[in-house]
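Have a look at the structure below before the remarks.
Each chain gets a letter, A, B and so on, in the order its sequence line appears, and its residues count up from 1.
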Amino acid sequence: MSPTTSETAQGGRRLVIVESPAKAKTIKGYLGPGYVVEASVGHIRDLPNGAAEVPDKYTGEVRRLGVDVEHDFQPVYVVNSDKKSQVKKLKELLADSDELFLATDEDREGEAIAWHLQEVLKPKVPVRRMVFHEITKDAIRAAVANPRELNQRLVDAQETRRILDRLYGYEVSPVLWKKVMRGLSAGRVQSVATRLVVERERERIAFRSAEYWDLTGTFATGRAGDVSDPGTFGARLTAVDGLRVAQGRDFTSLGQLKDGVNVLQLDEAGARSLATALANTAFTVRSVESKPYRRSPYAPFRTTTLQQEASRKLGFGAKATMQVAQKLYENGYITYMRTDSTVLSDTAVTAARAQVTQLYGADYLPDKPRTYAGKVKNAQEAHEAIRPSGDRFRTPAETGLTGDQFRLYELIWKRTVASQMKDAIGNSVTVKIAGQASDGRDAEFSASGKTITFHGFMKAYVEGADDPNAELDDRERRLPQVTEGDRLSAEEITADGHATKPPARYTEASLVKELEEREIGRPSTYATILGTILDRGYVFKKGTALVPSFLSFAVVNLLEKHFGRLVDYDFTAKMEDDLDRIARGEAEAVPWLKRFYFGEGAQAGAAEAGNGDGDHLGGLKELVTDLGAIDAREISSFPVGDGIVLRVGRYGPYVERPTEIEGGTGRRADVPDDMPPDELTVEYAEELLAKPSGEFELGPDPETGRMIVAKDGRYGPYVTEVLPRTFPRAVRTPSSRAPRPSSSRCPWTR
DNA sequence: CAGTGAGCGAGCTTCCGCTTGACTT
């Protein structure tokens, strides 16, 4: 597809460069003859990946890092190998042009791409920077008519970000190669993402469950009942003699009642005897409380909310969501899918409102268009929200799409239309029921319901819930029409046991949400962050849950102890503030990088383990130079209990009974790589140690009855039979062990 | 009893963020 080469009446020919080929195609149609529109296809130049990409004139540290830290952090830039042909094409087009418009996105990265284009293309014709936030004919023409200059300070801020990430990644990763395992990686984003998953697992390991009981009653009004007035309904015991009955939220993560809560914690016997004592009780309605209910629609999609909802409603992983969305974008069905903005253009609002009227009627249309303020703190808002494209939205049926593309389009379309509809309105009702037990105690039950009188946006779209067991927030539940003093009979009263549950593991969608809230990562990287921590073996998937490996415990342990500042959850947010100051001209890049890399107030004396809150701020360079202080054995060892230690070795995790501990045998056993850390109990570790290591039992030989085992040898795996031993093994057998409490778990929470 | 050899040295691993194909498992 070669661009048009016709000339304008004025005889000028203008080259417009945008980032995305799909965008180039659309804009070409709006600008007409005289304009050649081509894409850079993202960044065209970057720091070299490795020494092989660095030009020969660079040596030593510059070659290793791609940054000359001794000379004001001068970066070495090379044209990306996969962009060489595109750069050549742009150069050829520029040779035939009289004017160059750099129309990359209006954000930090886009400004940098524009600058790199200027540096590489070396234009001899006038250069303009043009920006726009929506792709309509009017917006594009206005942008061409009102170009501006390149914002060099914004470019500086991007370069600073890039250099920081390079130094962090290329200086800290080698520490992990030396101290933990080859091929590992650390980075501003991935290391914090991993830390979040590890910390959640630590909470799960430290968690102790609490058991509590309550009662559920099924109550009948005595009327026949219909849809708007059910004859029976369920209610839960909430108080006994005025004392509230304990619920899950009254307990701490250690299974104890929280300080200061005055509640009745029922055990099984207590709950059952109360149920029996209430068997023949006559109940009355003690109170009915009705409150108005109102709910506003959700904001239109941005990248993270699309990934969350596609996960909840369609079961898509983050990567799949982005791939399907990319196709929809390329084929002109939706606007750009990598965005942190929830803003709809005027065109889109008009289209959505027209569709609301047409599909649901004017009653569902608010008087004024709804606007959604940006909730994302470091949002750069270079794009619109994700929405159906065009000035008239196609209904899903009209698109002719099928399969995953249809389902994702439908989701986006519904969410966009719903975002311009009226609030849902209704009532929420709480009914309290009282009865006297045969032993004189007063029991109070409670039921709550919700009726929706006007569905508003819910006609089009209701958000999914992360927890499939949780009652959908927006679902209706009708209670009978009862008033205070009404008599009720209990059809059934049952005692129910409950146990508090540990915090749930992250899923792809919930981790991305967490990262966005902490301002870590960007729309174009959320899906790839997950890929990175999975590829490195820091995290693996069990169903949809993200489970950290033992390896990640060792890595996070090392980073927290020796690079605390770098894996602080606020590190990126603070960096963003500083970059904004650089972009505003209130701070300078080189001193900022010097402080980060070489430290500040550097005197003779050690850095404070990366926790630079004192007068002396340890620079990164200092932290990675003296590695003697990092005890590889210590950071990768975790006590399991009973003298057993889990270690993360070069070849993976294993358990050991170290000889320096009394009763230690020095015996080791591999731990499966996909073992969830919160499932490693002392009992399981003992079991592993009891088995000969590295062996896999295939079954007994039918002739001799001897066990045939597969072993890993020097020349690869081999099979052999187990010969009877003439001396006893120096290992205690499981039967010789004393029984242990089944609740014992490893206490390695640090 | 094969199934644990030791030591040396060279080369390699790695970041985040912006975009799509080209290319094999």
Separation of B/dT14 atom C1' from A/Y170 atom OH, nearest Å, is 5 Å
Using a strict cut-off of less than 4.0 Å between a Lys/Arg side-chain nitrogen and an Asp/Glu carboxylate oxygen, indicate whether A/K327 and A/E330 qualify as a salt bridge. yes
Side-chain atoms of A/Y329 come closest, of B/dT20, B/dT14, B/dG17, to B/dT20
Report yes or no: is the ring centroid of A/W177 under 5.5 Å from the six-membered base ring centroid of B/dT13, with the two planes under 30 degrees? yes
Indicate, with a heavy-atom threshold strictly under 4.0 Å, whether A/G42 touches base, sugar-phosphate, or nothing. base
Rounded to whole Å, CG of A/D46 lies from P of B/dT20 at a distance of 17 Å
ask   = Which part of the nucleic acid, if any, lies within contact of A/Q158, taking any heavy atom under 4.0 Å across all strands shown: a base, the sugar-phosphate backbone alone, or nothing?
value = nothing
To the nearest angstrom, the CD-C1' distance between A/E171 and B/dC16 comes to 16 Å
Judged by nearest nucleotide, the residue sitting upstream toward the 5' end of DNA chain B, A/R166 or A/I113, is A/R166
Determine, for A/R148 against A/E111, whether the closest basic-nitrogen to carboxylate-oxygen distance falls under 4.0 angstrom.
yes
A/V41 has its side chain closest, among B/dC16, B/dT20, B/dT13, to B/dT20
Rounded to whole Å, the CZ-C1' distance (A/R108 to B/dC16) equals 11 Å
Any A/Q190 side-chain nitrogen or oxygen under 4.0 Å from OP1 or OP2 of B/dC15
yes
*With respect to the phosphate group of B/dC15, does any side-chain polar atom (N or O) of A/R64 fall under 4.0 Å of OP1 or OP2?*
no
Check this for me: does the side-chain of A/R522 come within 3.5 Å of the base of B/dC18 through a donor and an acceptor?
no
### Message
Whether A/S173 contacts B/dC15 is assessed here as follows: a side-chain N or O lying under 4.0 Å from the phosphate OP1 or OP2. Is that the case?
### Response
no
Any side-chain heavy-atom pair from A/L579 and A/I582 closer than 4.5 angstrom? yes
Here the distance between atom C1' of B/dG17 and atom CD1 of A/I44, to the nearest Å, is 15 Å
Can you say whether a donor on the side chain of A/N49 sits under 3.5 Å from an acceptor on the base of B/dC15, or the other way round?
yes
Checklist entry - Is A/K88 paired with A/E92 through a side-chain N to carboxylate O contact shorter than 4.0 Å? => result yes
Whole-Å distance, A/E53 CD to B/dG11 P, equals 18 Å
OP1 or OP2 of B/dT20 less than 4.0 angstrom from a side-chain nitrogen or oxygen of A/S20, does that happen here? yes
Out of B/dT14, B/dG17, B/dT13, minimum distance to the side chain of A/R536 belongs to B/dT14
Exercise. Check every strand shown and say whether A/A186 touches a base, only sugar-phosphate, or nothing at a heavy-atom separation below 4.0 Å.
Key: sugar-phosphate
Checklist entry - Think A/S185 has a side-chain N or O under 4.0 angstrom from the OP1 or OP2 of B/dC15? => result yes
- Message: So A/L167, base contact, sugar-phosphate only, or nothing? Heavy-atom distance under 4.0 Å.
- Response: nothing
Carboxylate-amine/guanidinium contact A/R64 A/E171, below 4.0 Å
yes
From CD1 of A/I533 across to P of B/dT14 the rounded distance in Å is 16 Å
Separation of B/dT20 atom C1' from A/E19 atom CD, nearest Å, is 13 Å
Closest of B/dT20, B/dT19, B/dC16 to the A/Y336 side chain is B/dT19
Result for 5'-nearest mapping on DNA chain B, choosing between A/I529 and A/L184, is A/L184
Given the rule in the side chain to side chain contact (heavy atoms under 4.5 Å, CB included) test, do A/V648 and A/Y654 qualify, once you have shown the distances and angles that lead to the verdict?
CA-CA 6 Å; A/V648 179; A/Y654 59 93; over 6 Å; no
* Asked: Taking only side-chain nitrogens and oxygens of A/Y526, does any of them come within less than 4.0 Å of OP1 or OP2 of B/dG17?
  -> no
Subject >> Derivation and outcome, side chain to side chain contact (heavy atoms under 4.5 Å, CB included), residues A/R161 and A/E109 >> reply: CA-CA 10 Å; A/R161 196 278 307 157; A/E109 296 296 326; 2.9 Å; yes
Per atom distances to the A/E330 side chain, the nearest of B/dG17, B/dC16, B/dG21 is B/dG21
